**Q** 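One structure coming up, written as structure tokens, with questions to follow.
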Number of protein chains: 2
Amino acid sequence: MNPPGGRTPVMADVARLAGVSHQTVSRVINGHPNVREETVLRVRRAIEELGYHRNSTARALVTRRTNVLGVIAFDTTLFGPAQTLSGIERAAREAGYFVSIVSLDDVSPDGIVAAAEYLIQQSVEGCVAIAPQRSLVEALADLPGPRPLVAVEGGEGSGLPVVCVDQTQGAREAVRHLLDLGHTTVHHVEGDPLWLESEARAVGWRGALEQAGAPVPEPLQGDWSPRSGYDLGRRLVARRAAGERVTAIFVSNDQMAIGVLRALHEAGLNVPGDVSVVGFDDVPEAEFLTPSLTTVFQDFAQVGKESLALLLGQIGTGREGAAPPAGGVRRVVPARLRVRGSSGPPPP
Amino acid sequence: MNPPGGRTPVMADVARLAGVSHQTVSRVINGHPNVREETVLRVRRAIEELGYHRNSTARALVTRRTNVLGVIAFDTTLFGPAQTLSGIERAAREAGYFVSIVSLDDVSPDGIVAAAEYLIQQSVEGCVAIAPQRSLVEALADLPGPRPLVAVEGGEGSGLPVVCVDQTQGAREAVRHLLDLGHTTVHHVEGDPLWLESEARAVGWRGALEQAGAPVPEPLQGDWSPRSGYDLGRRLVARRAAGERVTAIFVSNDQMAIGVLRALHEAGLNVPGDVSVVGFDDVPEAEFLTPSLTTVFQDFAQVGKESLALLLGQIGTGREGAAPPAGGVRRVVPARLRVRGSSGPPPP
DNA sequence: GGCAACAGTGTTAACGCTCACATGGCAGAT
DNA sequence: ATCTGCCATGTGAGCGTTAACACTGTTGCC
């Protein structure tokens, strides 16, 4: 490169080459209006020639804006979080922000503190927490962590602004769909009991049953994994063998539903002939399982977009010194039932 | 807060409160050895009291190290990339680096240039590209993008250091497994033809057939989606109906394999009785499909770890001014066949 | 007793940028 | 001719930190 000493070029190098002051270079870079056309061109050429790039660190130091947003996530390999993260990342880039992520290995308070510390260290301007667990949301709400902070799927009452899918409504629709088909009740395989989504879906399930005056069977607790679905599916098969009437199962996510389907199949039970199964998430393969899986779709991309919008709103108001929107900001994205082949009328 | 004016406290504020110079504060923060125990304590107390956090921007400016690594990814919602990203993130955090991600919406040259630009803007110290497509790798290798740069799954010949799973070996083992079971040949459903993984697996498939002297049927081109698997599965069913002997199918990923299974099922064909199916990826649900899916496991966590190690190595050598490791650095992580229920001997 | 070595601390100068203000020129109004 | 105002540009300070060096006082050794 051209600049003396082979350093990476700085603004002063560009200025020298273009025959202007460093301030004029700055003006050109930032699109300041009052620069003569010809000067702009000359500076641009110099920038090109030197391969100059603005040092974002120096800029951040003086403007006090890092242009970095943080994302705290729990398990980004799961379908939902991965989708949400992707949505956030896209929206952030469009808004001119960088995204720095930290994924937690476990929800221990220590881990959360460390993550919060980590993001503060990095001087993020704001943060989205994909925080599907009550303990995590609460810890984040109380901690002196990065602010502003928006929670995705965080339950109510934490005081944090929240964006979430209406899990309860989705679950209710799923269960109502099964009841409408003629089932006298619906069994439930829950997700990881620590997750808010699991809780909210269970609430929806129970609500729909109670509203219909249907009996509420004991739910089974899984952990989202296909294996737990399989194990609990076998449990349900055993209950059935013991005389309990199990004709419909609402499973809290699609992966577990796959395990349940497997257990039913092994027991020689037909889906939906003997037992109907409904999942949650609408993973891409749901449609192509055998039978294709009735499930509940969540618009994660929308969740990502909304949470970023909320966060940017907070950053904006924060900067203008206005009062942050009063405690209970909450945006809810609706869920949609997708009826497919795994649900049908009960056997006679 | 205590510091005058309600600003966020800076080092000088801490220094004043502790009755030392700002440099001593800096020493305490950075764990410099030559500070009296009692002074350390006093400074720590002052830090605590003021809620002081080091300004990472100022630090980065003077040390010329941002402590940020970039990750360029293509589609982080797919199983492989999501896993790899997670592995990278974890390894980076352990090494004391922040991770900034940018995911490409498409592989257009423009998009790539924009992503490269974006990361340079952010002054990343290095970058991992989860770049599964030839065009992407080549564009990145040629572009004046962020450096050092490590490619994950990038093919050979780009000159970039590469970490990848041995796709070809995995595919070869899968096909050999089917041939060993007695199949006279193995059909192949390819992934997205633009992806290197797809290419490498096809190479392994063809190689194994040729080595065994088996005929090489025309492969079918998919796009990784369950739907394409389904469509191509129906195509194979049609070929079978037309008299072609199709008893074993090697599918380039598990999602498509699910679609193929569905198509076979719809045609009344039994797996593995009539047709054997082998996938690739070993997604968590593979074991719980009906039948459980024989597939090839890839250790993505390992890939993430290795790529980060490679990148850190480059950053290290770069800093010490040593020559970068000669062109062809390439770390290969082995793939492992997981035999399950979807593969068996051919019908008589 | 004198001198080197070192621990413990302070002083000053960068790092590369933007902001606030200063300057000079030229148009139009007075 | 003088003033006002705006355009185009330059000058200087400062953002908060670390690095280099300078300065004390104590210890150890000949």
Side-chain angles (χ1 to χ4, degrees), chain A residues 1 3-44 46-47 50-68 120-123 125 319, chain B residues 1 3-44 46-47 50-68 120-123 125 319:
Chain A
M1 288 290 172
R7 298 171 290 99
T8 66
V10 300
M11 217 171 237
D13 297 317
V14 176
R16 207 169 306 126
L17 182 61
V20 296
S21 73
H22 61 128
Q23 177 60 5
T24 298
V25 176
S26 172
R27 289 197 180 96
V28 170
I29 288 178
N30 295 311
H32 191 96
N34 291 345
V35 183
R36 212 175 356 139
E37 181 97 13
E38 192 226 307
T39 312
V40 172
L41 254 53
R42 225 168 50 234
V43 170
R44 288 246 173 79
I47 288 176
L50 294 174
Y52 168 77
H53 286 280
R54 167 167 64 195
N55 181 320
S56 61
T57 306
R59 168 172 228 242
L61 180 59
V62 65
T63 58
R64 292 141 180 285
R65 299 200 40 196
T66 54
N67 262 281
V68 176
I120 289 181
Q121 284 294 324
Q122 210 188 349
S123 320
E125 285 187 44
R319 193 167 292 141
Chain B
M1 289 287 173
R7 299 173 288 99
T8 67
V10 300
M11 219 174 238
D13 297 318
V14 177
R16 207 169 307 125
L17 182 61
V20 295
S21 74
H22 63 127
Q23 176 63 345
T24 297
V25 177
S26 173
R27 288 196 181 98
V28 170
I29 288 179
N30 294 311
H32 191 94
N34 291 344
V35 184
R36 209 173 1 138
E37 181 96 12
E38 193 226 304
T39 312
V40 172
L41 255 50
R42 224 168 51 234
V43 170
R44 289 247 173 79
I47 288 176
L50 295 175
Y52 168 78
H53 286 279
R54 167 167 64 197
N55 182 321
S56 61
T57 307
R59 168 172 229 239
L61 179 59
V62 65
T63 58
R64 292 144 177 286
R65 298 199 41 195
T66 55
N67 261 280
V68 176
I120 288 182
Q121 283 293 326
Q122 209 188 353
S123 321
E125 285 187 44
R319 192 166 294 138

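Owing to the predicted nature of the structure, the values given are computational and were not obtained by experimental measurement. The sequence lines fix the lettering, A, B, ..., with proteins before strands; numbering per chain opens at 1.
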**Q** Between which nucleotides of DNA chain C, read 5' to 3', does contact with chain A run, using atoms under 4.0 Å from its heavy atoms?
**A**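 Going 5' to 3' along DNA chain C, contacts run dG16(C) to dA20(C).
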**Q** Take the protein atom CG of Asp13(B) and the nucleotide atom P of dG16(D), then report the distance between them rounded to whole Å.
**A**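 Whole-Å distance recorded here is 9 Å.
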**Q** Just the table, please: protein N/O against nucleotides 5-9 of chain D N/O, every pair under 3.5 Å.
**A**
residue, atom, partner, partner atom, Å
dT9(D), OP1, Arg36(A), NE, 3.4
dT9(D), OP1, Arg36(A), NH2, 3.0
dT9(D), OP1, Thr39(A), OG1, 2.6
dT9(D), OP2, Arg36(A), N, 2.8
dT9(D), OP2, Thr39(A), OG1, 3.4
dT9(D), O4, Arg27(A), NH2, 3.4

**Q** Angle between the end axes of the helix from dG1(C)-dC30(D) to dT30(C)-dA1(D), five pairs per end, to the nearest 10 degrees?
**A**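 Nearest ten degrees gives 50° for this helix.
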**Q** Suppose the criterion is salt bridge (Lys or Arg N to Asp or Glu O under 4.0 Å): which pairs have a residue in residues 20-36 of chain A, not counting sequence neighbours?
**A**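 As it turns out, the salt bridge (Lys or Arg N to Asp or Glu O under 4.0 Å) pairs with a partner in residues 20-36 of chain A, which skip direct neighbours, are Arg36(A)-Glu38(A).
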**Q** Among residues at least two apart in sequence or on other chains, which ones pass salt bridge (charged side-chain N to carboxylate O under 4.0 Å, His left out) with Arg59(B)?
**A**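 For Arg59(B), no residue satisfies salt bridge (charged side-chain N to carboxylate O under 4.0 Å, His left out) once neighbours in sequence are set aside.
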**Q** Just jot down the side-chain contact (heavy atoms from CB on, under 4.5 Å) partners of Arg44(B), sequence neighbours excluded, or say none.
**A**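 Residues passing side-chain contact (heavy atoms from CB on, under 4.5 Å) with Arg44(B): Val28(B), Val40(B).
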**Q** With sequence neighbours left out, write down each residue that passes side-chain contact (heavy atoms from CB on, under 4.5 Å) with Asn55(B), or none if nothing qualifies.
**A**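 Checked Asn55(B) against side-chain contact (heavy atoms from CB on, under 4.5 Å); matches are Leu61(A), Thr57(B), Ala58(B).
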**Q** Who passes side-chain hydrogen bond (donor to acceptor under 3.5 Å, both in side chains) against Ser26(B), sequence neighbours left out?
**A**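 Testing Ser26(B) for side-chain hydrogen bond (donor to acceptor under 3.5 Å, both in side chains), a comparison that skips the adjacent residues, returns Asn30(B).
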**Q** Going by the rule side-chain hydrogen bond (donor to acceptor under 3.5 Å, both in side chains), which residues pair with Ser123(A) if we only count those two or more places apart in sequence or in a different chain?
**A**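 Residues passing side-chain hydrogen bond (donor to acceptor under 3.5 Å, both in side chains) with Ser123(A): Ser56(B).
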**Q** Whole-Å distance between dT17(D) P and Arg64(B) CZ?
**A**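 Spelled out: CZ on Arg64(B) to P on dT17(D) is 18 Å.
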**Q** Applying side-chain contact (heavy atoms from CB on, under 4.5 Å), can you list everything that pairs with Ile120(A), at least two apart in sequence or on another chain?
**A**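 Per chain and number, Ile120(A) pairs via side-chain contact (heavy atoms from CB on, under 4.5 Å) with Pro146(A), His53(B).
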